[in-house]
Amino acid sequence: MESNVRMRILNQIRDVAGRAVICDRRFLDDEQLIRSEQLELLDTVFNANVRDAEIQELSSHFVGLFRGGHPAHLAIWGKTGTGKTLTIHYFLNLLSEMCREQGITFRHEHLDLSTPQPCFRAFNDLACLLGASRRYRQGISLEELMLRIESALAAYEGYFVLIVDECDHVRRDAETFFAFLIRRLPQSVRAKLILVLVSNKLDWPDHLDPRVKSFLKMNELLFTPYNALDLQHILQIRVNRALEPGVMDEGVVEKISALASREHGDARKAVNLLAKSAYLAEKGAGRITLAVVDQAKEELDRDRFLLMIRTAPAQLQAVMAAAIDAVHKAQHGPVGSAEAYSEYKLVCERASLRPLSPRAFADLLAELDLYSLLRTRVMSRGRYGRTREIFVDLPDELVARIRDTVAANLGISKPTGTTTQ
DNA sequence: TGTCCACAGGAAATACGGGGGT
DNA sequence: ACCCCCGTATTTCCTGTGGACA
């Protein structure tokens with residue numbers, strides 16, 4: 001008896017092992033790699049002439065450092081996933097090594113503003129980074145933080161490179177923050193400060209106070225999205241490390257990179273798609289075929305939407321539910337924002353939620369549009385006014401699952417009768 | 001051609017909550 | 001315990017507008 005079970009399990013293991021697809025799954029997920037492996041991977045990537053031009057630019061920008069000069073600030077533009085952060089990190093690590101060899105005092109810090117933050121949090125993060133403060137939520141005055149930052153740097157002489165990643169995320173009073181970095185800080189400390197502003201908005205400095213802007217002498221460096229060829233290089237490196245040889249069909253790498261470069265040129269997402277495909281293949285056919293890639297892409301999209309809606313604030317979920325219900329009720333006719341709003345009030349009642357004003361409702365709709373959970377379009381119906389038409393054009397199955405998720409999250413008892421099936 | 005609907009969407013005001021300093 | 005500072009979420013108020021209709 002027992003040995004039968006064991007035999008069966010052993011056979012299963014052998015079976016799965018026989019069609020193993022992945023030999024080292026850590027290389028499909030950067031989080032799992034240890035630092036030296038990451039660096040080594042980067043070496044390989046950069047050796048493949050990817051981002052060659054950009055590294056050249058960086059070198060010539062910072063070369064003055066070795067002659068005792070003071071390189072200007074640097075602005076780096078490029079969309080997400082184009083390797084801005086990675087490249088600058090890689091480069092600065094090299095640079096700091098060279099400086100150490102030559103006895104030049106050099107330090108670099110990375111201020112990551114990857115989630116939108118008010119200027120207070122930006123200051124706070126910076127102070128933490130310098131070990132000058134603990135994390136505050138609120139309450140302490142900005143001036144206090146500035147003083148702490150200054151005193152943390154007071155004793156330091158030498159080059160100090162501060163990477164401000166996603167610098168456009170400083171909302172509200174970005175002025176204060178950058179005025180401090182650009183004008184006040186360099187005057188109050190002896191360190192030679194070099195700012196590296198990273199952003200994905202080209203027009204970012206236009207929002208800045210002209211007086212601050214004129215103070216900001218900087219070079220610019222543009223990262224263009226990876227093209228399909230670069231992505232192929234990057235993916236191929238992962239494939240070599242992570243997958244068993246010969247498990248991929250012809251053209252899979254090409255397909256993934258084409259999909260990724262067409263949609264966003266984001267390398268991380270491309271690797272993600274590769275990983276998902278590999279997992280699917282391992283559970284199923286044992287080979288990564290073009291069809292598997294399609295399936296993986298679909299599932300990734302679906303998971304993204306579901307995660308997004310599940311973690312969204314309650315009001316946003318209610319608006320989404322209302323939109324779905326309204327579209328459902330209207331059969332195929334267009335749904336105006338007014339109808340959606342009254343539907344929304346019903347949802348709120350069922351979920352015992354306080355309904356927001358129409359104005360706030362409209363903003364939430366716009367947010368959902370931004371996430372492409374739905375589409376809106378302003379239509380003028382002449383005499384009959386203007387309204388925003390709402391469409392939900394996701395697969396039915398996904399819509400149903402979103403509806404269920406929201407219903408569960410908001411604790412709606414009666415699922416409104418529209419959910420037939 | 002002008003009118004005027006029924007909203008869109010910007011700006012300012014207000015409400016609220018949480019945390020530090022004293 | 002009290003006050004002040006700050007951030008976020010909403011509301012209130014407002015101006016703008018495409019095009020059917022008279």
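Convention: sequence-line order gives letters A, B, ...; per-chain numbering from 1.
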Tell me if the centroids of the rings in A/Phe106 and A/Phe160 come within less than 6.0 Å of each other. no
How many Å lie between CZ on A/Arg381 and C1' on C/dA20, as a whole number? 12 Å
So does A/Glu97 pair up with A/Arg100, basic N to acidic O under 4.0 Å? no
Can you tabulate the close N/O pairs, meaning under 3.5 Å, that link protein atoms to atoms of nucleotides 13-17 of chain C?
from   : atom 1 : to       : atom 2 : distance (Å)
C/dT17 : O2     : A/Arg386 : NE     : 3.3

How many whole angstroms separate atom CG of A/Asp363 from atom P of C/dA9? 12 Å
Would you say CG of A/Asp393 has more than 12 non-hydrogen atoms from neighbouring residues, nucleotides or ligands within 6.0 angstrom? yes
Tell me what A/Ala366 touches on the nucleic acid: a base, only sugar-phosphate, or nothing, going by heavy atoms under 4.0 Å. nothing
State which of C/dT11, C/dA20, B/dA8 makes the closest approach to the side chain of A/Arg383. C/dA20
Heavy-atom side-chain proximity of A/Leu290 to A/Val252 below 4.5 angstrom: yes
SB check A/Asp369 A/Arg375 (cutoff 4.0 Å): no
Has A/Glu109 got more than 12 heavy atoms of other residues, nucleotides or ligands less than 6.0 Å from its CD? yes
A/Lys84 with A/Asp165: basic N within carboxylate O range, under 4.0 Å: no
Looking only at the side chain of A/Ser357 (C-beta and beyond, no hydrogens), which of the listed nucleotides C/dT11, C/dG18, C/dC21 gets closest? C/dT11
Return the polar atom pairs (N/O with N/O) between nucleotides 12-16 of chain B and the protein under 3.5 Å, or none.
none

Using a cut-off of strictly less than 4.0 Å, decide whether A/Tyr384 has a side-chain nitrogen or oxygen near OP1 or OP2 of C/dC21. yes
Separation of B/dA8 atom C1' from A/Leu364 atom CG, nearest Å, is 15 Å
Could you check how far CZ of A/Phe361 sits from C1' of B/dG9, rounded to whole Å? 15 Å
Determine, for A/Asp301 against A/Arg304, whether the closest basic-nitrogen to carboxylate-oxygen distance falls under 4.0 angstrom. yes
Is it true that A/Asp325 and A/Tyr344 share a donor-acceptor pair across their side chains at a distance under 3.5 Å? no
Can you sort out which residues in residues 307-321 of chain A have a heavy atom within less than 4.0 Å of DNA chain B? Ascending by number, please. none
Rounded to the nearest Å, what distance is computed from the CE atom of residue A/Met379 to the P atom of nucleotide B/dG9? 14 Å
Is A/Arg310 positioned over the aromatic face of A/Phe305, cation under 6.0 angstrom from the ring centre and no more than 45 degrees off axis? no
Please say whether more than 12 non-hydrogen atoms of neighbouring residues, nucleotides or ligands are located less than 6.0 Å from NE2 in A/His233. no
Select base, sugar-phosphate, or nothing to describe what A/Arg377 touches, counting heavy atoms under 4.0 Å on all strands. nothing
